[in-house]
Protein chains: 2
Amino acid sequence: MSNPTAPAAEAVRAEESVDARLFLQTVARTMRVLEGFGKKQGPQSLAELAAAAEIDKSAAQRICYTLQTLGYLERDAVSGGLRPGLKVLDRTFDFLRMHPLIERAVPVLAELRAMTGQRVDLSLPDDLSIIYAQRLQNRRETLVASLIGRRLPTWCSSGGRAMLACLPDAEVDSILHRSDRRRFTPHTVTDLAGIWEKIRAARRDGFAFTEQEWIMGEMVVAAAVTDAAERPVAAIHVAGSLADWDDRHFQLRMGPLVIEAARSISA
Amino acid sequence: MSNPTAPAAEAVRAEESVDARLFLQTVARTMRVLEGFGKKQGPQSLAELAAAAEIDKSAAQRICYTLQTLGYLERDAVSGGLRPGLKVLDRTFDFLRMHPLIERAVPVLAELRAMTGQRVDLSLPDDLSIIYAQRLQNRRETLVASLIGRRLPTWCSSGGRAMLACLPDAEVDSILHRSDRRRFTPHTVTDLAGIWEKIRAARRDGFAFTEQEWIMGEMVVAAAVTDAAERPVAAIHVAGSLADWDDRHFQLRMGPLVIEAARSISA
DNA sequence: CAGCGTCGTATTGTTCTGCGATACGGCCGC
DNA sequence: GCGGCCGTATCGCAGAACAATACGACGCTG
């Protein structure tokens with residue numbers, strides 16, 4: 001598991017009031033098969049995918065055969081196992097292209113990256129997680145695989161807290177309570193009071209700041225992008241290394257820049 | 001339409017010998033609905049998606065309802081139309097994480113970008129197109145939306161030609177003949193003889209070079225990544241602007257670097 | 001080498017799922 | 001107020017998808 005925030009709650013969410021008349025179980029099974037890759041690393045066997053999707057081997061066989069025919073699944077050359085196919089990237093492209101924010105954001109992010117020289121990210125909220133939609137690396141960012149689609153917990157990420165700061169208290173509480181607030185580094189703030197303190201600071205400053213709460217040696221400044229109704233729809237992050245910056249100076253320099261960038265693509 | 005290479009041939013390819021016994025039409029319809037976004041810009045209505053997928057409104061309704069429930073489709077806040085959902089990015093992440101090359105390539109690409117200061121891309125071959133799987137922008141790359149999943153024609157892109165150069169002549173001919181060799185800029189080389197000349201040059205030099213064949217003012221040097229059987233499985237690109245470089249110097253400087261980078265992630 | 005487990009693949013009759021014609025209410029604008 | 005188009009809802013029937021089953025290959029392991 002590489003995407004750390006368990007999307008388990010979402011299944012529950014979806015279950016509650018589905019109109020069985022309109023819900024196609026074949027479609028759901030198909031998607032569950034594709035989601036089977038989230039579990040563990042490396043190509044999967046047919047049986048593994050069947051188990052992950054909670055269907056029998058016959059159903060998995062038909063679904064995988066079809067997906068493979070369509071290009072959404074490929075056979076790995078060496079292991080013979082299955083992995084997501086190239087067509088997936090076509091859907092990624094559609095998502096990015098159709099998204100109301102992304103295209104507007106890309107130039108702003110590029111400029112921000114040029115001004116700061118740091119890694120710049122755009123993330124989108126999804127209840128308990130945020131998900132990276134666009135990433136511009138800096139020079140030395142090599143180790144942390146900076147991939148699109150990576151999820152981070154809302155409650156402990158800078159972007160997540162920036163977006164929480166835009167929500168009414170009740171919604172913040174709901175998210176915090178439903179989150180699995182585990183410790184990722186010795187510096188992760190996991191208690192409710194501490195997190196609320198950070199959120200209040202974000203409301204006051206206009207940006208959120210986290211220091212080594214997710215990765216040691218990394219600090220992040222983030223500001224929320226809002227829609228016409230002032231609801232948070234994205235966050236812009238600037239990440240820096242403690243090796244290069246004093247935390248106070250980092251905030252003073254980056255804070256105004258991310259606020260300005262976020263404001264410029266808000267509705 | 002923003003992804004220029006028509007993936008029409010693929011439908012033909014898939015059609016030829018499908019085992020109807022194992023092929024689930026509901027799955028195929030579902031994917032066709034998701035592919036409906038490739039056609040035109042902006043959120044789509046239910047009816048538009050139905051038309052694009054060549055199904056009636058009832059089927060589209062059930063499929064879209066299900067996909068929406070699962071998070072693969074979202075309603076656009078302003079227009080009320082449908083667009084790809086956040087869950088798509090989860091599948092992107094799985095694809096990138098499971099791919100045998102990507103994780104190995106990311107550090108190499110980052111280093112290459114640091115050395116050159118130019119835009120660096122990794123693309124994967126898919127018959128008549130290549131598809132960007134990883135992109136590291138340079139400072140001023142802002143206008144051209146540099147999105148993951150973008151497709152380029154194999155025959156006129158630098159990466160595509162670098163990969164063609166690794167294939168036997170018959171396969172190259174097949175791809176060239178099936179391609180729609182339209183002109184994109186006044187400099188696009190569209191005649192078979194000219195393209196073959198470029199491919200032979202790539203075989204000789206170890207890298208391909210294109211100049212303003214896709215975008216005016218842009219030139220690209222690319223080298224192919226090969227697997228154990230010497231088949232091309234990816235290409236590494238370095239793109240530069242004619243405003244900054246003399247074309248000869250660009251080749252001399254970047255050629256050896258992309259070759260070395262490509263070699264270091266080849267099997 | 002025989003035996004076992006697990007893999008992917010193929011086949012079949014049955015049943016329940018997905019089909020599609022049809023109908024309803026809301027909204028816009030020629 | 002009309003006609004068109006939208007999204008939504010309904011329902012009996014056909015047939016698509018189901019699941020149990022069987023087959024051959026491969027890799028263990030005793």
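Chain identifiers are assigned alphabetically (A, B, ...) following the order of the sequence lines, protein sequences preceding nucleic acid strands; residue numbering begins at 1 within each chain.
The side-chain tip of A:Arg135 points at the ring of A:Tyr132 from less than 6.0 angstrom away and within 45° of straight on.
Between A:Val27 and A:Gln61, it is A:Gln61 whose nearest contact on DNA chain C lies nearer the 5' terminus. Comparing A:Ile63 and B:Ser58 by the nucleotide of DNA chain D whose heavy atom lies nearest to each, the residue mapping closer to the 5' end is B:Ser58. Between A:Leu24 and A:Leu82, the one whose closest nucleotide on DNA chain C sits nearer the 5' end is A:Leu82.
No side-chain donor from either of A:Arg91 and B:Tyr72 sits under 3.5 Å from a side-chain acceptor of the other.
One interatomic measurement links the two molecules: CG of B:Asp56 to P of C:dA23, which rounds to 16 Å at whole-angstrom precision. B:Leu67 has its CG atom 13 Å from the P atom of C:dG18, to the nearest Å. If you measure from atom NZ of B:Lys57 to atom P of D:dC5, you get 11 Å, rounded to the nearest angstrom. Straight-line distance from the CG atom of A:Asp76 to the C1' atom of C:dC7: 16 Å, rounded to whole Å. Rounded to whole angstrom, the span from the CZ atom of A:Phe23 across to the P atom of C:dC19 amounts to 14 Å. C:dT9 atom P lies 9 Å from atom CG of B:Leu22, rounded to whole Å. As a whole-Å value, the separation of B:Gln44 CD from D:dC6 C1' is 15 Å. Distance CG (A:Leu49) to P (C:dT6): 17 Å, rounded to an integer number of Å.
When the nucleotides D:dG7, D:dA9, C:dT17 are ranked by their closest atom to the side chain of B:Ser45, D:dG7 comes out on top. When distances are taken from the side chain of B:Arg62 to each of C:dG20, C:dA10, D:dC18, the shortest belongs to C:dG20.
Rounded to the nearest 0.5 Å, atoms OG1 (B:Thr66) and CG (A:Leu24) are 4.0 Å apart. One distance of note links CG of A:Leu96 with CD1 of A:Ile148; it measures 5.5 Å at 0.5 Å rounding.
For A:Arg29, a side-chain nitrogen or oxygen approaches OP1 or OP2 of D:dC18 to under 4.0 Å. Listed pair A:Thr26 / D:dA16 fails the phosphate criterion, with no side-chain N or O lying under 4.0 Å from OP1 or OP2.
Searching all strands for a Watson-Crick or G-U wobble partner of C:dC30 with both distances below 3.5 Å returns nothing.
Heavy atoms of B:Gln25 sit under 4.0 angstrom from primed sugar atoms or phosphate atoms, though from no base atom. Residue A:Ala47 is classed as a sugar-phosphate contact, given heavy-atom separations below 4.0 Å to backbone atoms only.
A:Ser129 places no side-chain N or O within 3.5 Å of a backbone atom of A:Pro125 that could act as its donor or acceptor partner.
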